[in-house]
Amino acid sequence: MTVAIIKYNAGNIFSVLYALKRIGVEAIVTDDFETIRNADKVVFPGVGEASSAMSYLKEKGLDELIKNLRQPVLGICIGLQLMCRYSEEGAVKCMGIFDVDVKKFDNSGDRNKKIPHMGWNTVNSVKENPLMKGLDGEYTYFVHSYYAPVCVNTVAECNYITPFSAVLCKDNFYAVQFHPEKSGDVGERILRNFIEL
Amino acid sequence: MLAKRIIPCLDVKDGMTVKGVNFVNFRSAGDPVELGRAYSKAGADELVFLDITASFEGRKTFVEMVRRVAENVNIPFTVGGGIGSVDDVGNLLNAGADKVSINSSAIKSPQLISDIAGNFGCQVCVVAIDARFDNGEWMCYVKGGRVPTGKRLYDWAYEAQERGAGEILFTSMDHDGVKEGFACDALAQLNSMLSIPVIASGGGGTMEHFRDVFTAGKADAALAASVFHFNEIKISELKDFLSSNNINVRR
């Protein structure tokens, strides 16, 4: 099994590599088109800003490559947001894999809700999905100021200020807003579920 | 529901955790990786590693330690101590740290906060503030609390937020090491005026203190060192206690 982690201008990519290694999977961090196309599984991770990440992906042609992948793809955090239609962060058109626009959290109704949404929050399944097999209501680690609202592709929700998409799925595309690579045993279980797809 | 976080803090010198960590009997009690894993298993929500090494060689060792922690520990961790530039931050993040904590260098050069936020995002930038209640006002200190800065706690915390800090880690020097409770009044004030999370530090001695820091102090997270290292408070029991007091924690 080969697992490719897409290398681009976003931080924290090595954390995913390390997390996969902890569950016994040797992945490759790469931006090589052939390697990514031929991988059994592709992870699209990252921490960063949407518009600069998107323009980098476009410049390299990685956006078209990702959209057309046929094997299971897992987007993480900013990866999830870039797989949506559009992001308010830098007002940028994204890949449009998931039919939803990414918005910024608005805490004007409750100033006690801090932004970024940072820390451990519960994820509740709304549809059965192999990625979340064996998990419901567990805590995972989030760090983000933008979110994908609940939509037709939502398979699990989290609630912070408003219910939002914690896990999205469409065809071979999976995405999580939280960081499985930092979410303890629960996160490792989700990564294992993805590898076993 | 977003959980309140419990964060053990470890001091590191020359790549090893220093003195006084007997939280579990390890083969090598000073190994940050083993301790980090044990704390993750015990239910810690995040970890903080503070480098107290002064030498250049020691710094390189610290970066190597950060890499080993990132490889082996499955919860987020923040690193701090002696970070003075965007390059330092880049090295630590590339080694696998999730966040960096800056203190004296931010007071000396507030622009560093903006630069870190601009280069790596707000979420990585924790601004640590050590303050003491002097003549009726909370004032900031640096160099381990030895040097006054003339900056007021609330002004500086607000400025740090506006410059792009992702979190404020506030240590009350009056409460630190005394184990008589956190500075809940100052914390509540910080929490009401800031829109970013606040981590409380200094004074946690009993489980009730942790309850109070989340209720009266309205903190988002609580950090402590020796009470966890010496097993005076077990994290799992602390979380049971907090939960039974209607405080939402990850268990």
Side-chain angles (χ1 to χ4, degrees), chain A residues 9-23 46-50 52-53 77-78 89 105 107-108 110-124 137-146 158-161 178-189 191, chain B residues 1-7 37 39-47 66-77 89-90 93-99 117-126 161 165-168 191-199 218-221 248-251:
Chain A
N9 65 334
N12 241 3
I13 283 170
F14 287 95
S15 295
V16 178
L17 180 73
Y18 297 149
L20 288 170
K21 205 170 175 182
R22 285 196 293 273
I23 63 166
V47 172
E49 194 272 332
S52 62
C77 192
I78 191 84
E89 188 176 26
F105 278 122
N107 67 350
S108 56
D110 181 359
R111 291 280 174 201
N112 287 321
K113 298 278 195 238
K114 309 293 183 65
I115 298 172
H117 173 220
M118 183 182 288
W120 298 81
N121 206 335
T122 44
V123 172
N124 297 302
E138 316 276 346
Y139 282 96
T140 60
Y141 189 79
F142 290 86
V143 183
H144 60 126
S145 301
Y146 293 79
C158 178
N159 195 335
Y160 188 72
I161 301 173
F178 52 85
H179 288 275
E181 74 279 16
K182 291 288 166 182
S183 292
D185 296 343
V186 170
E188 287 175 1
R189 171 112 196 222
L191 290 175
Chain B
M1 202 171 151
L2 185 63
K4 300 289 189 182
R5 289 172 278 155
I6 299 294
I7 309 177
R37 285 165 72 148
Y39 271 125
S40 170
K41 244 189 206 99
D45 296 306
E46 288 184 38
L47 298 168
V66 169
R67 189 180 315 282
R68 289 196 303 122
V69 171
E71 283 171 353
N72 291 289
V73 175
N74 60 13
I75 55 173
F77 68 100
V89 175
L93 296 178
N94 282 334
D98 297 290
K99 309 179 207 176
N119 276 278
F120 310 106
C122 294
Q123 79 287 342
V124 311
C125 186
V126 181
Q161 168 182 294
E167 283 178 294
I168 297 292
N191 272 291
S192 67
M193 57 176 280
L194 297 176
S195 59
I196 54 175
V198 176
I199 305 166
K218 297 186 166 59
D220 299 286
N248 194 47
V249 288
R250 176 180 71 111
R251 288 193 293 169

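Residue numbering restarts at 1 for every chain, and letters A, B, ... go by the order of the sequence lines.
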Between the CD1 atom in I75(B) and the NE2 atom in H179(A), the distance rounded to the nearest 0.5 Å is 15.0 Å

Does M1(B) have more than 12 heavy atoms from other residues, nucleotides or ligands lying within 6.0 Å of its CE? no

Whatever's closer than 4.5 Å to a heavy atom in chain A on A221(B) counts as neither

I'd like to know which of G121(B), G96(B), A70(B) tops the heavy-atom pair count under 4.5 Å against chain A. A70(B)

What closest approach, in Å, do R5(B) and W120(A) show between heavy atoms, and which atom pair accounts for it? CG-CD1, 4.3 Å

Between the CG atom in L17(A) and the CD atom in E71(B), the distance rounded to the nearest 0.5 Å is 8.5 Å

Closest non-hydrogen contact found for Y139(A) with A3(B) is CE2-CB, 3.8 Å

Between L2(B) and K113(A), is a side chain to side chain contact (heavy atoms under 4.5 Å, CB included) present by the stated rule, with each step listed? CA-CA 10 Å; L2(B) 185 63; K113(A) 298 278 195 238; over 6 Å; no

Using the side chain to side chain contact (heavy atoms under 4.5 Å, CB included) rule, take K182(A) and F77(B) through it: C-alpha gap first, then chi angles, then the decisive distance, then the call. CA-CA 9 Å; K182(A) 291 288 166 182; F77(B) 68 100; 4.0 Å; yes

Chain A contact via V73(B) - side chain, backbone, both or neither, heavy atoms under 4.5 Å: backbone

Heavy atoms only: give me the nearest G166(B)-M118(A) pair and the separation to one decimal. O-CE, 4.3 Å

Once ring-ring contact (aromatic ring centres under 6.0 Å, His included) is applied, do any residues pair with H144(A), and if so which ones, sequence neighbours excluded? F105(A), H117(A), F142(A), F164(A)

Under 4.5 Å from any heavy atom of chain B, what part of D185(A) do you find: side chain, backbone, both or neither? both

Look up atom CG in N121(A) and atom CG in N248(B), then write down how far apart they are to the nearest 0.5 Å. 8.0 Å

Just jot down the salt bridge (Lys or Arg N to Asp or Glu O under 4.0 Å) partners of R22(A), sequence neighbours excluded, or say none. E188(A)

One should read off an interatomic distance between Q123(B) CD and I115(A) CD1, to the nearest 0.5 angstrom, of 14.0 Å

What part of E181(A) gets closer than 4.5 Å to chain B, counting heavy atoms only: side chain, backbone, both or neither? backbone

Residue pair D98(B) / S15(A): nearest heavy atoms and the distance that separates them: OD1-OG, 4.4 Å

Which atom names give the shortest non-hydrogen contact between K114(A) and D220(B), and what distance separates them? NZ-OD2, 2.7 Å

Would you say Y141(A) and N74(B) are linked by a side-chain donor-acceptor pair, where the criterion is simply a distance under 3.5 Å? no

